Amino acid sequence: MSKKVRVRFAPSPTGGLHLGGVRTVLYNYLFAKKNKGDFIVRIEDTDQNRYVPGAEEYIFETLKWCGLEPDESVQHGGSYGPYRQSERKEIYRQYAEKLVAEGHAYYAFDTPEELEKMRQDFKTAQNPSPQYDHTIRMRMRNSLTLSTEKTKELLDAGTRQVIRIKMPEKETVSFTDMIRGEVSFDSSTVDDKVLLKADGMPTYHLAVVVDDHLMQISHAFRGEEWLPSAPVHILLWKYLFGLENMPQWAHFPLILGPNGKLSKRDGAKYGFPVFAMNWTDPKTGELTEGFKEKGFLPEAFINLLALLGWNDGTEQEIFSKEELIEKFSMERVHSAGAKFDYEKAKWFNHEWIKRMKVEDLNPKVSELLVQSGITITNKDLLDKIITLVKDRCTLLTDFIQQSTFFFKAPEEVDVDAVKPKWSEAKKLFFAELIRNYELAPDWNAHTLETNFKEIASVNDLKPGELMLPFRIMLVGGKFGPGVFEIAELLGKEETIKRMQFAISKF
RNA sequence: GGCCCGUUCGUCUAAGGGCUAGGACACCACCCUUUCACGGUGGUGAUACGGGUUCGAAUCCCGUACGGGCUACCA
């Protein structure tokens with residue numbers, strides 16, 4: 001009998017959530033739902049210096065937008081709280097001290113200055129970044145080098161101190177990663193990581209193990225950047241709670257930018273969003289663009305993220321959230337990092353827009369148009385417009401350009417597109433067309449087109465040479481859906497008004 | 001430098017010993033359309049290199065190269 005699946009996403013509230021973070025959430029979520037388990041969000045705010053106001057709220061708003069809501073979290077409640085590590089501070093010390101008592105950890109009194117000095121003193125060409133490890137710990141100020149009395153004295157005096165894990169010297173630490181298979185490390189190459197900081201807060205290393213245990217996490221997933229510190233966590237599990245109780249690990253491949261691990265800087269540099277939603281750094285005021293505001297549908301966003309490192313083995317690429325839950329499997333997650341391709345991301349969004357029902361698109365498009373200053377009074381009209389233009393919208397924001405002219409006459413008319421080929425004969429044609437349209441009993445695209453072509457034919461003009469000018473008159477530029485469809489939706493009065501106005505400019 | 005992970009078209013990937021190495025994005029051409037798209041057809045384009053194992057390797061093993069990550073009292 002296996003225990004209930006419980007997974008967690010443990011972000012540090014230090015800023016916006018980027019692609020890699022959301023994908024980690026996604027894979028956690030999919031795995032949990034697929035296995036009828038729980039998805040927990042735990043806030044890892046143990047570094048008080050990095051606290052950023054608003055970041056935590058941003059994370060939850062992002063999850064909501066993505067449709068990846070946790071079963072348990074600071075905001076959703078649950079019986080394993082608190083879900084914010086800063087509120088769990090008291091819990092960690094006892095575990096750290098237990099490790100000291102059992103000889104797996106020790107107190108270290110070295111000041112930041114002493115640590116810096118150590119790094120300078122031991123720095124060589126061969127070893128550019130010396131670590132606090134078994135080779136040097138006996139030369140530092142800690143409970144291993146100090147006498148028991150001296151240690152007690154320092155402790156009693158309240159001297160600033162940390163607790164470090166004492167990495168064994170000759171031990172192979174290995175575990176089975178669900179994606180990579182067996183991974184092993186030589187314990188002597190890992191340093192004595194700080195477990196409990198001088199301010200009494202745990203570091204990630206202690207907190208992740210303690211909380212995963214207390215919250216009964218069954219599977220622990222995180223990015224590949226955590227792989228090097230895995231041996232510390234494995235050992236902690238062994239010392240504290242037993243290897244047999246340890247969750248199963250999986251380290252996801254990294255999402256790469258044009259130059260290595262994707263960073264928020266890449267977005268501004270290469271012109272694509274990196275964060276899920278807009279994020280403004282409260283300190284600098286710097287805005288980092290988000291997929292949401294850029295015009296992505298959450299359905300498309302999750303879809304494209306899911307496929308960045310995973311596939312179901314078939315050639316299907318468009319998946320709804322429900323399909324992803326049904327088909328997701330950790331075994332099919334890739335081990336190699338994936339470079340993010342914005343062009344393909346846009347393709348996913350375009351596909352989703354094309355497939356999405358007009359009624360579902362309507363409120364989103366409506367909101368966008370209202371934001372750009374357009375008043376929508378007729379929902380059915382907007383439905384018709386969306387039906388007409390959705391195929392040519394890659395991003396939601398494209399709807400603005402593709403439908404604004406339905407609501408107001410173009411402010412600028414591309415006269416240059418018409419003028420060079422404009423002629424007296426064409427002018428006469430449009431004059432006749434206006435008279436004809438004024439009398440038209442049925443105002444629909446079909447008869448409008450028929451009449452248009454008949455008159456052209458009578459005047460010995462090619463319809464093709466007349467349609468562009470007509471389009472320019474109604475739309476203002478060389479874009480948009482079929483011109484007669486546009487005229488139909490515009491209505492008789494508005495169509496003729498725009499024609500008359502534009503003709504005077506040619 | 002050390003440790004760890006990785007390596008199939010430009011990009012995301014399929015093929016988990018038998019093959020004309022498949023698909024998608026992007027790109028190019030043509031068709032459809034006398035706007036732009038959608039759609040359709042076709043094309044360019046990849047198993048990093050070297051050794052093994054095997055009747056047979058993109059697939060397994062070793063080495064090399066290259067790429068990435070980590071190397072804080074940050075996560």
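Because the structure is a prediction, the values reported are computed rather than measured. To find a chain, count down the sequence lines: A is the first, B the second, and so on, and within it residues start at 1.
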Which of residues 42-57 of chain A sit near RNA chain B, with a heavy atom under 4.0 Å from it?
A:Glu44, A:Thr46, A:Asp47, A:Arg50

What are the atom names and distances for every N/O pair under 3.5 Å that joins the protein to nucleotides 23-26 of chain B?
| residue | atom | partner | partner atom | Å |
| --- | --- | --- | --- | --- |
| B:G23 | O4' | A:Glu315 | OE2 | 3.1 |
| B:A24 | O4' | A:Glu317 | OE2 | 3.0 |
| B:A24 | O2' | A:Glu317 | OE2 | 2.5 |
| B:A24 | O2' | A:Lys344 | NZ | 2.9 |
| B:A24 | N3 | A:Lys344 | NZ | 3.1 |
| B:C25 | OP1 | A:Trp347 | NE1 | 3.4 |
| B:C25 | O2' | A:Lys344 | N | 3.4 |

Is the phosphate of B:C73 approached by A:Arg164 (side-chain N or O, under 4.0 Å from OP1 or OP2)?
yes

Candidate nucleotides B:A72, B:C36, B:G68, ranked by approach to the side chain of A:Arg119 - the nearest
B:A72

Categorize A:Thr124 for me: base, sugar-phosphate, or nothing, with a 4.0 angstrom heavy-atom threshold over every strand shown.
nothing

Does atom CD of A:Gln120 have more than 12 heavy-atom neighbours, drawn from other residues, nucleotides or ligands, at distances under 6.0 Å?
yes

Mind listing the residues from residues 130-142 of chain A sitting with a heavy atom below 4.0 Å of RNA chain B? Number order is fine.
A:Gln131

Select base, sugar-phosphate, or nothing to describe what A:Leu196 touches, counting heavy atoms under 4.0 Å on all strands.
nothing

Does A:Lys193 put a side-chain nitrogen or oxygen below 4.0 Å from OP1 or OP2 of B:C73?
no

Give one of base, sugar-phosphate or nothing for A:Val183, where a contact means two heavy atoms less than 4.0 Å apart.
sugar-phosphate

Around atom NZ of A:Lys384, are there more than 12 heavy atoms of other residues, nucleotides or ligands at under 6.0 Å?
no

side-chain contact (heavy atoms from CB on, under 4.5 Å) test vs A:Leu307 passes for just one of A:Asn303, A:Leu305, A:Leu304, namely A:Asn303

B:C38 OP1/OP2 closer than 4.0 Å to side-chain N/O of A:Arg355:
no

With a cut-off of less than 4.0 Å, is there a side-chain N or O of A:His350 near OP1 or OP2 of B:A37?
no

Who passes side-chain contact (heavy atoms from CB on, under 4.5 Å) against A:His446, sequence neighbours left out?
A:Asn444, A:Thr450

Any side-chain N or O of A:Lys339 less than 4.0 Å from the OP1 or OP2 oxygen of B:G67?
no

Any residue in residues 399-408 of chain A with a heavy atom nearer than 4.0 angstrom to RNA chain B? Just list them by number, or reply none.
none

Out of B:U13, B:A37, B:G68, which nucleotide sits closest to the side chain of A:Arg392?
B:A37

Between A:Arg84 and A:Glu87 (salt bridge meaning N to carboxylate O under 4.0 Å), is one present in this structure?
yes

Contact class for A:Pro463 vs. all strands (heavy atom < 4.0 Å): base, sugar-phosphate, or nothing?
base

By the 4.0 Å heavy-atom rule, please label A:Lys390 as base, sugar-phosphate, or nothing.
nothing

Name the closest nucleotide to the A:Asn311 side chain, picking from B:G69, B:U13, B:U7.
B:U13

With a 4.0 Å heavy-atom cut-off, tell me which residues in residues 197-206 of chain A come close to RNA chain B, sorted by residue number.
A:Lys197, A:Ala198, A:Pro202, A:Thr203, A:Tyr204

Considering only B:G68, B:C12, B:A75, which nucleotide approaches the side chain of A:Leu256 most closely?
B:G68

